[in-house]
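Below is one structure, written out as structure tokens, with a few remarks after it.
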Amino acid sequence: MAQKPSIPKGTRDFSPQEMLRRKYIFSTIERVFQKYGFLPLETPAMENLETLTGKYGEEGDRLIFKILNSGDAWKEVSDDTKAKLKAGEEVHPGKLAGELAEKALRYDLTVPFARYVVQHQNEITFPFKRYQMQPVWRADRPQKGRFREFYQCDADVIGSTSLLNEIELVQLVDDVFTGLGLQVVVKIDDRKVLSGCEVSGQPEKVVDIVTAIDKLDKIGREKVEEEMRTKGVSDEAIKGIAPLFELKGTWHEQRPILQNWLTNSTIAQQGLKDLALTFDAVGALKSATLEFDPTLARGLDYYTGAIFEVKSLEGTMPGSICGGGRYDDLTGVFGLKGMSGVGISFGADRIYDVLLETNKFPAELGGSTKLLFANFGEKEAMHCLKLLRTVREAGIAAELYPDAVKMAKQFKYADDKNIAFVAIIGENELKQGIVTIKDMKTGEQRAVKQEELLSVVG
RNA sequence: GUGGAUGUAGCUCAGUUGGUUAGAGCGCCGGAUUGUGAUUCCGGAGGUCGCCGGUUCAAGCCCGGUCUUCCACCCCA
């Protein structure tokens, strides 16, 4: 019985037209990556489960796609676990998953990169600059602009603590969105400044405070304070961080206030100094606006310094289309200490949605045929085959309609495929050594000598 | 993972208090035009009404479950 075919939840097919547009995004990003000295890297779609678990927080572990062991996965489950299940006792889902699956699909590109760096540390010249453009998978519930399989385009520098890297990444982001013709705002913050929240007297609550603050522009100040209270942050501490909510204006206006407020935190002062240097050194940007956002936190645990997030100023995409930051010890969990890195990740799928909505894709995206030879039968087709060769050698994408079907069908094919010209060589043209060329856009057609074909369509 | 909405032709959607043979536009195929697409005219094909079960003499419509997509949380690109 034929079954209705479908694809898994949150995944997509990409039609030829969509692919041309996606490739335009990828190649724009890739060109800029290479211009800044990043080199390509690919890692496998699957990693060992233990490589991924524990790297993205508790929530992240839940969202990792685990791969059931091949063969009889159940057979390999420990007797202890089996006995517990049989007795109706509770088994920790993570433990059970660990016994049924030893591989998992990658959740992002950063952790596999860290794994790669540790594994190949003796072959790598540091600082190591790599870029990586591959799909990642998350068992999230799909929503608009949110999929279970999506592409990330990452560039990271590892093995350098210099702030020059942060500065260059901001310029790189500007270059990419200038190339794509999109106005964006680059929001920047520093975890070291957020750590300054410890002046509030509850240093152990910094993570809870930070993740609540991250939602400020979304849910408002009252709800943020409410969330902090439910997480056990004291009223005193909430009062203590009030200056953060009241910040207004540009970086140059905000800086003295923060400096004054966080005067007792040496770490926060360092963060402010780094931000100041970044703002000064980045200079004039082409199409991005650089903005300090003291409430920008980003969930990921491993960020320790600068944090970036890019939002489109055009279209209705609410989420970020690009994000990144510095992580001081990402490779530490794999046994390589003191290796600081900083990176940026572009969300190709969201950028696609924004460009489509705002009509920013170039009208002509290379890849489609420019010239179609109509097929009038075997004798004419054989002749076209020779011409086809010269046209292609001249670098023009051309094809010969494979079947000698009626003209209407062949012209419709050219129309549907957006082919610019149709070359007609029937019995008459063949005899006279000419070719009739129709311009599909204007509808005009004229007969030229076959030697002139290139100059007409080229 | 929690809560809510949704699903009818390839696509966008109508379909009355449950009642005979489920409709439209666009698209597709054929013809008007045996050498011409996009425009015009004529004709045609295409639907297990997401899936499974229940209520009923009778279900696209009511009920339960399940899946999909979307929305709000959670989190994130």
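rA77(B) atom P lies 14 Å from atom CZ of F308(A), rounded to whole Å. Look at CZ on R138(A): it is 14 Å from C1' on rC74(B), rounded to the nearest Å. To the nearest angstrom, P of rA77(B) lies 11 Å from OH of Y56(A). Distance, W137(A) CH2 to rA77(B) P: 17 Å, rounded to whole Å. In this structure, CE of M440(A) is placed 12 Å from P of rU39(B), rounded to the nearest angstrom. Between the P atom of rG37(B) and the CZ atom of F373(A) lies a distance of 20 Å, rounded to the nearest Å.
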For nucleotides 41-43 of chain B, which of its nitrogen or oxygen atoms have a protein nitrogen or oxygen under 3.5 Å away, and what is each distance?
none

Write out a two-atom table: protein N or O, nucleotide N or O from nucleotides 69-71 of chain B, distance below 3.5 Å.
| residue | atom | partner | partner atom | Å |
| --- | --- | --- | --- | --- |
| rU69(B) | OP1 | G10(A) | N | 3.0 |
| rC71(B) | OP2 | K144(A) | N | 2.6 |

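Summarising the geometry, atom CE belonging to M440(A) is positioned 11.5 Å from atom CG belonging to L371(A); distances are rounded to the nearest 0.5 Å.
D61(A) is linked by a side chain to side chain donor-acceptor pair (under 3.5 Å) to nothing, counting only residues two or more places apart in sequence or in another chain. Every salt bridge (Lys or Arg N to Asp or Glu O under 4.0 Å) that E314(A) has, sequence neighbours left out, goes to K360(A). Listed by chain and residue number, nothing satisfies the side chain to side chain donor-acceptor pair (under 3.5 Å) test with E451(A) (two or more places apart in sequence, or in another chain).
Residue pairs meeting the salt bridge (charged side-chain N to carboxylate O under 4.0 Å, His left out) criterion with at least one member in residues 25-46 of chain A, sequence neighbours excluded, are K35(A)-D175(A). Identified under the ring pair (Phe, Tyr, Trp, His ring centres under 6.0 Å) test for residues 402-457 of chain A, with sequence neighbours left out: Y401(A)-Y413(A). For residues 437-458 of chain A, the set of pairs meeting the ring pair (Phe, Tyr, Trp, His ring centres under 6.0 Å) definition, not counting sequence neighbours, is empty.
Residues of residues 59-67 of chain A that place a heavy atom closer than 4.0 Å to RNA chain B, in numerical order, are E59(A), R62(A).
Between Y327(A) and Y303(A), the ring planes lie tilted relative to each other; the angle falls in the 30° to 60° range.
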Side-chain donor-acceptor contacts of residues 340-357 of chain A below 3.5 Å, not counting sequence neighbours, with atom names and distances?
| residue | atom | partner | partner atom | Å |
| --- | --- | --- | --- | --- |
| S340(A) | OG | R326(A) | NH1 | 2.7 |
| S340(A) | OG | D328(A) | OD1 | 2.9 |
| S345(A) | OG | D154(A) | OD1 | 2.7 |
| D349(A) | OD1 | Y151(A) | N | 2.8 |
| D349(A) | OD2 | R12(A) | NH1 | 3.2 |
| D349(A) | OD2 | R12(A) | NH2 | 2.7 |
| D349(A) | OD2 | R22(A) | NH1 | 3.1 |
| R350(A) | NE | G145(A) | O | 2.9 |
| R350(A) | NH1 | S320(A) | O | 3.0 |
| R350(A) | NH2 | G145(A) | O | 3.3 |
| E357(A) | OE1 | T316(A) | N | 3.1 |
| E357(A) | OE1 | T316(A) | OG1 | 3.2 |
| E357(A) | OE2 | T316(A) | N | 3.1 |
| E357(A) | OE2 | T316(A) | OG1 | 2.9 |

Readout for nucleotides 30-36 of chain B: B = base within 4.0 Å of protein heavy atom, S = sugar-phosphate only, - = neither; 5' to 3' it is -S---BB
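Using a 4.0 Å cut-off between charged nitrogen and carboxylate oxygen, E47(A) and R115(A) count as a salt-bridge pair. Ion pairing between a basic and an acidic side chain is recognised when a charged N comes within 4.0 Å of a carboxylate O; E149(A) and R138(A) show no such pairing. We find that D190(A) and K192(A) are joined by a salt bridge, their nearest charged nitrogen and carboxylate oxygen being less than 4.0 Å apart.
In summary, of the residues considered (I321(A), L296(A), D189(A), D293(A)), a side-chain contact (heavy atoms from CB on, under 4.5 Å) with E309(A) occurs for L296(A) alone.
A residue-by-residue look at K441(A) and K412(A) shows that K412(A) has its nearest nucleotide of RNA chain B further toward the 5' end.
Within 4.0 Å of D416(A), counting heavy atoms only, lies no atom of the nucleic acid at all.
In RNA chain B, runs of at least 3 consecutive Watson-Crick or G-U pairs, each pair with both distances below 3.5 Å, span B:1-5 with B:69-73, B:10-13 with B:23-26, B:28-32 with B:40-44, B:50-54 with B:62-66.
rU68(B) sits 33 Å from rG27(B) when the P atoms are compared, rounded to a whole Å.
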